[in-house]
J.: 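There's a structure below that I have some questions on.
The sequence lines fix the lettering, A, B, ..., with proteins before strands; numbering per chain opens at 1.
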Protein chains: 2
Amino acid sequence: MALSSKDTHSVFTKFLAEKSLRMTSQRELILKTFCKQKKHVTAEELYDILKKLDPSIGHATVYRTLKLLSEAGIARELNFGEGSVRYEPDLDREHHDHLVCVKCGENIEFLDEEIEALQKRVVTKYGYELVDHSLNLYGVCPKCQETK
Amino acid sequence: MALSSKDTHSVFTKFLAEKSLRMTSQRELILKTFCKQKKHVTAEELYDILKKLDPSIGHATVYRTLKLLSEAGIARELNFGEGSVRYEPDLDREHHDHLVCVKCGENIEFLDEEIEALQKRVVTKYGYELVDHSLNLYGVCPKCQETK
DNA sequence: TTGATATTGATAATGAAACTCATTAGTAAT
DNA sequence: ATTACTAATGAGTTTCATTATCAATATCAA
Ligand SMILES: [Mn+2]
Ligand SMILES: [Mn+2]
Ligand SMILES: [Zn+2]
Ligand SMILES: [Zn+2]
């Protein structure tokens, strides 16, 4: 049962209010457009999409807002070693990791509770306090395996 | 029983020969210096160290050679989301992942065979052919937990 | 040696992301 | 509505890591 877009909006508004920041039309548009995306987008890709909806939108505002959305827990940053960060909606989704095809970029999301538990075991073993983790598996997808 | 530096040298030479590339004094110095490092270094950090040994060394040569060393399997690229890539010797070392303190950067290397096995299970489940993986755990180290 | 080719290092170019700042917009009290 | 305050915006600049260019140099095989 995914949360409605109204929820991300109110979560963001609340987050902003707590920091004496303001909900603006740009932030609303960026939030709404970001949440619609099916794929993990870069700031640049989202900017290109937004430009069509509001040609006056600024480069920096997209970067700034994605950062805010991450802080608010609405977005998650992903790093697949491409040189730029990707973002995905994170609020109404359960945690998952990624399996990426190195040939075509196809992206599978998976969740392995056993791996999750073992990670916690490692962190505990060394006396650390877990903050975050990043697990990316890189491989060749079935389709790309055929293409020799 | 680690391999001697003579081995990395011959591995690199063989790798270069197979690609009709040449072993040069710069590549020898970079290889030797890189393998001596105890920590994961960025290209920039290694460049600073190399400058003291050979002030004529070029920026681009360090970047280029680290890339070659990675292709040759002598170095491994690490991405801790800092904005720059780190490298570590990989030839005479067994695989491991990293637990990084988000406060002080302290870096623990660990190997969990169970996690490794489960990763393979995930990849197999989706019909992928595993190429690589990246697992980074981020936390607060015991020392930094004290500092409130 | 010589000729072909690879390498180098200085420098320029690139691309992502952060910063600057003058202008605009939102807020809350008058 | 007017005001005063503060935050937000977007154009443009800046930084930083990394890559590309290219003329000069080094290496190699014949
Ligand atoms: Mn995802
Ligand atoms: Mn390591
Ligand atoms: Zn593929
Ligand atoms: Zn620490």
J.: Between A:L16 and B:Y87, name the one whose nearest nucleotide on DNA chain D is closer to the 5' end.
T.: A:L16

J.: Could you state the atom-to-atom distance from CD of A:Q26 to C1' of C:dG26 in whole Å?
T.: 11 Å

J.: In whole angstroms, how far is the P atom of C:dT11 from the CZ atom of B:R64?
T.: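 The answer, rounded to whole Å, is 15 Å.
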
J.: Nearest to the side chain of A:E44, heavy atoms from C-beta on, is which of D:dA8, C:dA10, C:dA16?
T.: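 Among D:dA8, C:dA10, C:dA16, the one nearest the side chain of A:E44 is C:dA16.
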
J.: Does A:C141 offer a backbone N or O that forms a donor-acceptor pair with the side chain of A:E106 under 3.5 Å?
T.: no

J.: May I ask you to say what B:S56 touches in the nucleic acid, namely base, sugar-phosphate or nothing, with a heavy-atom cut-off under 4.0 Å?
T.: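 Here B:S56 touches the backbone only, sparing every base.
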
J.: Identify which nucleotide among C:dA17, C:dT7, D:dG10 has an atom closest to any side-chain atom of A:T61, counting heavy atoms from C-beta outward.
T.: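 Nearest to the side-chain atoms of A:T61, counting from C-beta on, is D:dG10.
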
J.: Hey, which sits more toward the 5' end of DNA chain C by its nearest nucleotide, B:P55 or B:L21?
T.: B:L21

J.: Round to the nearest Å and state the distance from B:R27 atom CZ to D:dA26 atom P.
T.: 15 Å

J.: For the pair made of NE2 in A:H59 and C1' in C:dA17, what is the distance, rounded to whole Å?
T.: 9 Å

J.: Would you indicate, yes or no, if C:dA17 has its OP1 or OP2 atom less than 4.0 angstrom from a side-chain nitrogen or oxygen of A:K67?
T.: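 Answer is no, no contact under 4.0 Å.
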
J.: Which part of the nucleic acid, if any, lies within contact of A:S20, taking any heavy atom under 4.0 Å across all strands shown: a base, the sugar-phosphate backbone alone, or nothing?
T.: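 Sugar-phosphate, no base atom in range.
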
J.: When the aromatic ring centroids of B:H40 and B:Y87 are compared, is their separation below 6.0 Å?
T.: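 No: the rings miss the under 6.0 Å criterion.
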
J.: Out of B:R93, B:R76, B:K39, B:K38, which one pairs with B:E109 under the salt bridge (charged side-chain N to carboxylate O under 4.0 Å, His left out) rule?
T.: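 Per the salt bridge (charged side-chain N to carboxylate O under 4.0 Å, His left out) rule, the option paired with B:E109 is B:R93, out of B:R93, B:R76, B:K39, B:K38.
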
J.: Report yes if at least one side-chain N or O of B:T24 is closer than 4.0 Å to OP1 or OP2 of C:dT8; otherwise report no.
T.: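 So the side chain of B:T24 is within the cut-off, an N or O lying under 4.0 Å from OP1 or OP2 of C:dT8.
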
J.: Show your working on side-chain hydrogen bond (donor to acceptor under 3.5 Å, both in side chains) between A:E44 and A:Y63 and close with a plain yes or no.
T.: CA-CA 8 Å; A:E44 213 56 32; A:Y63 278 93; 3.1 Å; yes

J.: Please state how far atom OH in B:Y63 lies from atom P in C:dA13, giving the value in whole angstrom units.
T.: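 Checked: the OH to P distance equals 18 Å.
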
J.: For A:T42, answer base if it contacts any base atom (sugar-phosphate contacts may also be present), sugar-phosphate if it contacts only those atoms, and nothing otherwise; contact means non-hydrogen atoms under 4.0 Å.
T.: nothing

J.: What is the distance, rounded to the nearest whole Å, between atom CG of B:L68 and atom C1' of C:dT8?
T.: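 In whole Å, C:dT8 C1' lies 13 Å from B:L68 CG.
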
J.: Taking all non-hydrogen atoms of both residues into account, name the closest pair between B:N136 and B:S134 and its distance.
T.: ND2-OG, 3.9 Å

J.: I need the CG-P distance between A:D54 and C:dA25, as an integer number of Å.
T.: 12 Å

J.: Please give, in whole Å, the distance from C:dA28 P to A:R22 CZ?
T.: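 Result: 8 Å.
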
J.: Using a 4.0 Å heavy-atom cut-off across all strands, classify B:K19 as base, sugar-phosphate, or nothing.
T.: nothing

